[in-house]
Amino acid sequence: MTLSLSLPHLFAALTIVMLSALPALPQSTGGTTDAAKAQDHWYRAPAQGGVRRWQVAQMGGIAARATADAGGRMVRAFDEGAVLSSFGCSDVDGKVWCEIRSFRGGARGFLPASALAPAQGRDGLVAMGKDDSRKRADRGSFDSTTEASCAQERGHPLGLCRIGVARGTGGDATVVATFKNGFSRKLYFVHGEFVSANTTMSGNGTDIDWKLVAGVHLIRVDDQRFELSDAFVFGE
């Protein structure tokens, strides 16, 4: 007998297999002792060494709530496999709830820990604790430096600017691009994707366009444009 799958069904099957390979979470049995033990590791906030991002592991997806309560107001629905930033978890009446939001930003909400799995980054690692790449970039402590194609003003042709990168784990990185006149811009990557830049006189860093084409990140932030090698950003 020959078994055939449509592309959507094949993708769903592969997603389930990938999620099943992620590290298992401690399970609460309904008592505060088990929940407290869990918070000592996976469920801590990143600032206390906990998981930096979760992935929705519940088949069919799930809706985040405004409060840690199944009856709370729905904030946003997330598909299975969605990657979420973690803000820590706590035991509420014997059930562990985690405060989350999309890793690209947006409103926060709460999901039960039973619907989540630790998110593995593009480097295969589950990022734990706070990302330190931004602080290292601020100090000029770069993992690598080079030149890249950049344009400082809208309509200007691409020229060269100096760039340095501080790399974190799980696909996090901070790139600092400096133009010939000394103006610099910090470019933030989270979970392998460009998400925003720092605020400058040019703008708040959230007016962006981004796409990855043939191994090159094509980025527009406010009036500036940058073309960055994916291999340079993540050191692969």
Separation of [Y] [atom2] from [X] [atom1] (nearest 0.5 Å):
X: Ile100; Y: Phe78; atom1: CD1; atom2: CZ; value: 4.0 Å
X: Cys150; Y: Phe183; atom1: SG; atom2: CZ; value: 11.0 Å
X: Glu80; Y: Gln58; atom1: CD; atom2: CD; value: 9.0 Å
X: Asp207; Y: Ser202; atom1: CG; atom2: OG; value: 11.0 Å
X: His217; Y: Phe232; atom1: NE2; atom2: CZ; value: 11.0 Å
X: Arg53; Y: Ser102; atom1: CZ; atom2: OG; value: 11.0 Å

Inset, instruction - Using the side chain to side chain contact (heavy atoms under 4.5 Å, CB included) rule, take Arg104 and Glu193 through it: C-alpha gap first, then chi angles, then the decisive distance, then the call. - result: CA-CA 9 Å; Arg104 297 193 68 86; Glu193 298 184 13; 2.8 Å; yes

Using every non-hydrogen atom in the two residues, find where [X] and [Y] come nearest and quote the distance to one decimal.
X: Pro112; Y: Lys95; answer: CB-CE, 3.6 Å
X: Thr174; Y: Ala137; answer: CG2-CB, 3.5 Å
X: Leu160; Y: Ser149; answer: CD2-N, 4.4 Å
X: Gly170; Y: Asp123; answer: N-OD2, 2.9 Å
X: Ala148; Y: Ile163; answer: CB-CD1, 3.5 Å
X: Ala151; Y: Pro157; answer: CB-O, 3.8 Å

Inset, instruction - Scan residues 91-146 for pairs that pass ring-ring contact (aromatic ring centres under 6.0 Å, His included), counting only residues two or more places apart or in two chains. - result: Phe103-His191

Inset, instruction - Could you tell me whether the side chains of Asp69 and Thr67 share a donor-acceptor contact shorter than 3.5 Å? - result: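 Note: Asp69 and Thr67 side chains miss the donor-acceptor criterion.
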
Inset, instruction - Compare all side-chain heavy atoms of Ser86 with those of Cys98 and state whether any distance is below 4.5 angstrom. - result: no

Inset, instruction - Taking the side chain as every heavy atom from C-beta outward, state whether Phe226 and Arg220 have any atom pair closer than 4.5 Å. - result: no

Legend entry - Centroid separation Phe189 to Trp210 less than 6.0 Å: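 Ring centres of Trp210 and Phe189 not closer than 6.0 Å.
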
Linking I/L/V/M/F/W/Y whenever their side-chain heavy atoms sit closer than 4.5 Å, directly or via other members, would [X] and [Y] fall into one cluster?
X: Leu116; Y: Ile62; result: yes
X: Val175; Y: Phe179; result: yes
X: Val216; Y: Val221; result: no

Inset, instruction - For atom CZ of Arg162, decide whether the heavy atoms of other residues, nucleotides or ligands shown that lie under 6.0 angstrom number more than 12. - result: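 Result for CZ/Arg162: open.
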
Legend entry - salt_bridge(Asp172, Arg167) N-O dist < 4.0 Å: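 Answer for the salt bridge query: no.
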
Legend entry - Ionic contact status for Arg108 with Glu99, cut-off 4.0 Å: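 A salt bridge is present here (some side-chain N lies under 4.0 Å from a carboxylate O).
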
Legend entry - Donor-acceptor under 3.5 Å (Asp91 side chain, Gly94 main chain):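 A pair under 3.5 Å: yes.
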
Legend entry - salt bridge (Lys or Arg N to Asp or Glu O under 4.0 Å) pairs, two or more places apart, involving residues 175-185: Arg185-Asp222

